[in-house]
Amino acid sequence: MSRPPATAAELATLVGGTLEGCATAPVRGMNGIDQAGPHEATFITSDQYASRWAASKAGVAVITEKLPLEVGADATRALIRVKNADLALATALEAFAPPPEWPAEGVHASAVIDPSAKLGKGVRIGPLVVVGRNAQIGDGCVLQPGAQVCADTVLGAGCVIHSNAVIRERCRLGNKVTVNACAVIGSEGFGYRPAADGRSLVRIPHLGSVLLEDGVEIGANACVDRAKFGVTVIGAHSKIDNLCQIAHNCQIGRMSVIAGLTGLAGSVQIGDGVQIGGNTGIADHRRVGSGARLAAKSGVMEDVPAGATWGGFPAQDILAELRVVAAIRKLPEWSRKLRRLLSEKAP
Amino acid sequence: MSRPPATAAELATLVGGTLEGCATAPVRGMNGIDQAGPHEATFITSDQYASRWAASKAGVAVITEKLPLEVGADATRALIRVKNADLALATALEAFAPPPEWPAEGVHASAVIDPSAKLGKGVRIGPLVVVGRNAQIGDGCVLQPGAQVCADTVLGAGCVIHSNAVIRERCRLGNKVTVNACAVIGSEGFGYRPAADGRSLVRIPHLGSVLLEDGVEIGANACVDRAKFGVTVIGAHSKIDNLCQIAHNCQIGRMSVIAGLTGLAGSVQIGDGVQIGGNTGIADHRRVGSGARLAAKSGVMEDVPAGATWGGFPAQDILAELRVVAAIRKLPEWSRKLRRLLSEKAP
Amino acid sequence: MSRPPATAAELATLVGGTLEGCATAPVRGMNGIDQAGPHEATFITSDQYASRWAASKAGVAVITEKLPLEVGADATRALIRVKNADLALATALEAFAPPPEWPAEGVHASAVIDPSAKLGKGVRIGPLVVVGRNAQIGDGCVLQPGAQVCADTVLGAGCVIHSNAVIRERCRLGNKVTVNACAVIGSEGFGYRPAADGRSLVRIPHLGSVLLEDGVEIGANACVDRAKFGVTVIGAHSKIDNLCQIAHNCQIGRMSVIAGLTGLAGSVQIGDGVQIGGNTGIADHRRVGSGARLAAKSGVMEDVPAGATWGGFPAQDILAELRVVAAIRKLPEWSRKLRRLLSEKAP
């Protein structure tokens, strides 16, 4: 990666925008419009942000081109007009991102690597990492301190396993998979049967495993349980946020995004490109079709059609749900009116 | 454990079922009806699954005996009829389960064991485990890599503490307790009081401890807090799923099952054999009677009688709740009707 | 700290209360009214507890002075009357609290400390701790076993980082900050953009960091994500319970308290002295004013005014919400009445 942009002109070139104002305005980093200093760039994506430009100390702003803001009289400031300020923001953040903090190439002396494990080229295995029997670590993988890859688990190339995360036995990760700190992949699923004497519960063995396909990211303190049999699958490029629970035998498609504190019960099926808001729950065996969207805090009890947007609990089409919410808000008033009507009708 | 069944006939014997079709059909493992190959057995517990048998590649199926399915013309397949296919599934899974991945007997060289700790016979203490001052580890316990058992904590026989789980000081575990990866047992309860000067909050000390009785299982990334005084208790054979929060001074009975992302506030009392759906919350000091069931996403604000089934938020009897949910769905329509009525009545 | 009180008289002095009954009744600890033995003190803060005093085995009770309980005829028991039994309880718990279990002063031989890290005076760094490049650990900090403080992160004086917690790179902690076991501070925020080819999602870099101000406490298995740019801030003396998710760029004020399993989406702003019940969710960019209170399981979609008490989903003023809940409970009945009315009106 080349050096980040240092001036408004260089930033304009990076994001493919049109410069107005001071081409040499210095850019040493990026910040929010209220926090940015004179040597920082900020981003203006709405009228709300545009109205704060005059009071902002930011020297430079990348702005959605249709917004009616002028750079103003200050000869030291600059605006950079772009079609899509969100995309420009991502591009700029990538340019300014500090290099990742990775362990040195090789294996730290304190790591405990089973002699039968296979390590790829250029791996970076940090302090106190544990790699189990017959595990395979692909080329260029990074295992941060305290990470564990258990027996018979296979990691593709370029995976990053963060501190104290645990990938249990017989799991499989594709290429460029990220597992954040303290996440647990491959715990046994949650299923019990009464013991023969009825005096205890016996865990049903979960013989299956977990597959995280290429580009999957798993949040900190999230859990993905292994399948009863077969495989719990998170499809390529899907992203699971912190503190989510993905139960045994779930099947998640490609490029789906699940926000924090969401729980999927056993054998849930999620299509491709699904977006799920935080703190949602989905009952076991339910299916959510590709392209569907679920509002935060939804509770899904029925299958969700592809492309639909649902919300509420029990979840339904979001427009029906919004009508219900609006009607509920008026309930106390309606109750009064109905009571009056009924008393008029009473004999 | 003896070797797993290798043919349909052996599997029929194992699960106590009646064989129809090819007795020598090979069985090398189990899988779902849509995933199983010709050398795998599957399970058919409903008409829905039965309808997929014809298209399935599975060589063998264990089937609930009353279902009207025939093995069909294919001389290479077999059906095994049983009274209870769920129980048969558990039995078969146990037979096919691979041996657990445990550290070698003894203490790994990288583990840090306080000299005052007492280790039972046959313990398996993995790499980078920490055992604190005066801790006691019962016979046959397994401490996976990175697990921690802190000072004065006592584990019974046959416990399994998974990777990076933390059992804090002065806790007590019975026999055959399982604590999954990254779970935290015995953190201080969440309670504060304003400082004398009103400018900060001071944590109220939690002097108590946690008791996990025999056969308890705690999910990955779950938390059980220590009591303010006395003991937070999880009763024998109760099972707590991933990412649950059990606050200080909760008392949970025997054989209760609590699904993922559920939170119990302080001093909640749960009876025996209670079943709690995922993402449920229970307010502090509330009691849930033995045998009660709570639907997923319930919010319990009042005591729940023994044997009752409740749901919703605030939770109530599930039948009342379902009537309310049905009525809510019709609200926009009722609002329109009522508005019409009222306009007719208007002077 | 001096030795804890050993008699009813000493306990009365400690909590500033008025003694009735046996001044020499022994006090070796504290317990709940139903669990306390004759050598333990308990606390009576309501009529409900007062009614259990006769049957309790406790030798001593600290009691809110206005409650009409008498010590009774038993010459071995004592009551201690105080204005505020909750505050007295906190004082007594502090007196009886066992000393914390800390690693020895210095650095354990198994810890992995980068040579460039700076360690303050009197630090206690336990086994298997990892301290990264250029990290700074303030005077008197305690790092429990397996804790990690990553590169360029700075801890003030007197912080306690519990077992297996992870403070990622470039974060800043004030003085006397506590991070409980397996919590993760400074994971990257959850934000993605479609890749140029539309076939994957690219994580938006999060260049920012996390600031936990003086006296902040973070619960076990909780997550605080780093900012996209700028800083995710938890203000002084605020307390975050177990299993909470604080997303990128959130700004939380001073002395706010957030109960377990609550999730704040990106850029949420919380004022000072806010109290948030468990399992609450707050949508991105929403603001909650100082002194506001949110009932458990709230779902906040709009800004909450300072000092307000809100609840429900979507959250609203708690009184309006309670009226709605009461009306909802009567819905099935109203539906029947309205149906009757309409049938009478039908032509």
Side-chain angles (χ1 to χ4, degrees), chain A residues 110 112 128 130 132-133 146 148 150-152 164 166 168-170 182-184 187-188 190 192-194 199-207 221-223 225 228-231 243-245 247 249 261 263 265 279 281 283 299 313-314 316 320 323-324 326-328 330-331 334 337-338 341 344, chain B residues 29-32 35-36 40 42 86-87 89-90 93-94 96-98 100-101 108 110 126-128 144-146 162-164 178 180-182 214-215 217 219-221 236-239 241-243 254-255 257 259-261 277-279 296-297 313 325 328-329 331-332 334-335 338 341-342 345:
Chain A
S110 65
V112 180
L128 308 168
V130 178
R133 184 183 57 72
Q148 299 191 13
C150 299
D152 294 317
N164 291 344
V166 177
R168 288 193 47 185
E169 56 273 26
R170 299 191 306 280
C182 295
V184 178
S187 240
E188 281 200 70
F190 192 70
Y192 299 90
R193 63 176 181 82
R199 297 184 56 76
S200 65
L201 297 170
V202 181
R203 185 183 273 262
I204 296 171
H206 282 65
L207 313 189
N221 277 317
C223 299
D225 282 353
K228 193 185 287 185
F229 36 68
V231 186
L243 292 162
C244 287
Q245 155 70 355
N249 289 88
L261 286 163
N279 200 202
F313 175 47
Q316 61 180 336
R323 277 194 295 267
V324 163
I328 283 177
K330 292 184 195 146
L331 252 189
W334 287 116
K337 287 180 182 171
L338 185 53
L341 251 187
E344 288 169 14
Chain B
M30 295 194 302
N31 215 330
Q35 293 81 35
E40 288 180 309
T42 191
D86 280 329
L87 190 57
L89 170 57
L93 285 167
E94 284 157 15
F96 281 106
E101 291 289 340
H108 192 275
S110 64
L128 308 169
Q144 294 283 17
H162 283 277
S163 297
N164 291 344
T178 299
N180 278 283
C182 294
D214 294 352
E217 298 191 31
N221 277 317
H237 307 295
S238 285
K239 314 294 183 183
D241 199 2
N242 299 346
L243 292 162
R254 294 170 51 89
M255 293 177 65
V257 175
L261 287 162
N279 200 202
K297 267 190 180 288
F313 174 48
V325 167
I328 284 177
R329 289 284 173 102
L331 254 189
W334 287 117
S335 297
L338 185 54
L341 252 187
L342 290 168
K345 301 283 298 180

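The figures that follow rest on heavy atoms only: side chains count, while hydrogens, waters and symmetry mates do not. Residue numbers begin at 1 in each chain, while the letters A, B, ... track the order of the sequences.
With a 4.5 angstrom heavy-atom cutoff, B:N279 touches chain A only via side-chain atoms. In this structure, chain B has a heavy atom under 4.5 Å from the side chain of A:V130, while its backbone stays farther away. Proximity to chain B is limited to the side chain of A:V202, based on heavy atoms less than 4.5 angstrom apart. Only the side chain of B:L261 comes within less than 4.5 Å of a heavy atom in chain A; its backbone stays farther off. Proximity to chain A (any heavy atom under 4.5 Å) is shown, for B:S335, by both the backbone and the side chain. Of the atoms belonging to A:Q245, heavy atoms from both backbone and side chain fall under 4.5 Å from chain B. If you measure heavy-atom distances from B:E217 to chain A, the contacts under 4.5 Å come from the side chain alone. Of the two parts of B:A296, only the backbone, made up of N, CA, C and O, holds a non-hydrogen atom closer than 4.5 Å to a non-hydrogen atom of chain A.
Counting heavy-atom pairs closer than 4.5 Å to chain A, the top-ranked of the candidates B:G215, B:G277, B:S238, B:P98 is B:P98. The choice from A:R170, A:R323, A:H206, A:Q316 that makes the most heavy-atom pairs within less than 4.5 Å of chain B is A:Q316. Note: A:S200 leads A:G230, A:S200, A:A327 in heavy-atom pairs under 4.5 Å with chain B. Put simply, of A:L201, A:V112, A:I204, the one with the most heavy-atom pairs under 4.5 Å next to chain B is A:L201. Counting heavy-atom pairs closer than 4.5 Å to chain B, the top residue among A:K228, A:R203, A:K330, A:K337 is A:R203. If you tally non-hydrogen atom pairs under 4.5 Å between each of B:G260, B:A236, B:P145, B:A181 and chain A, the highest count goes to B:P145. Of all the listed residues (B:S163, B:G219, B:A90), the one sharing the greatest number of non-hydrogen pairs under 4.5 Å with chain A is B:S163. Across A:G263, A:A265, A:P205, A:A222, the residue that shares the most heavy-atom pairs under 4.5 angstrom with chain B is A:P205. Per-residue heavy-atom pair counts under 4.5 Å with chain B were compared for A:D225, A:N249, A:V166, A:L128, and the maximum is reached by A:V166.
Taking each heavy atom of B:C182 and A:C182 in turn, the nearest pair found is SG-O, 3.7 Å.
No more than 12 heavy-atom neighbours from other residues, nucleotides or ligands sit within 6.0 angstrom of CZ on A:R199.
In this structure the side chain of B:L87 reaches within 4.5 angstrom of the side chain of A:R193, judged on heavy atoms. Residues B:E101 and A:D152 are in side-chain contact: their nearest non-hydrogen atoms beyond the backbone lie under 4.5 Å apart. Looking at heavy atoms from C-beta onward, B:L89 lies in side-chain contact with A:F229 at the 4.5 angstrom threshold.
The CG atom of B:L331 lies 6.0 Å from the CD1 atom of A:I328; values are rounded to the nearest 0.5 Å. Distance check, rounded to the nearest 0.5 Å: CG of B:N242 to CG of B:N180 gives 7.0 Å. Atoms NE2 and CZ, from B:H162 and A:R168 in turn, are 4.5 Å apart once rounded to the nearest 0.5 Å. Note that the CG atom of B:D241 and the OG atom of A:S187 stand 9.5 Å from one another [nearest 0.5 Å]. With rounding to the nearest 0.5 angstrom, the CG atom of B:L93 is 5.0 Å from the CG atom of A:L207.
Legend: residues meeting side-chain contact (heavy atoms from CB on, under 4.5 Å) with B:D214, ordered by chain and number and at least two apart, are B:N175.
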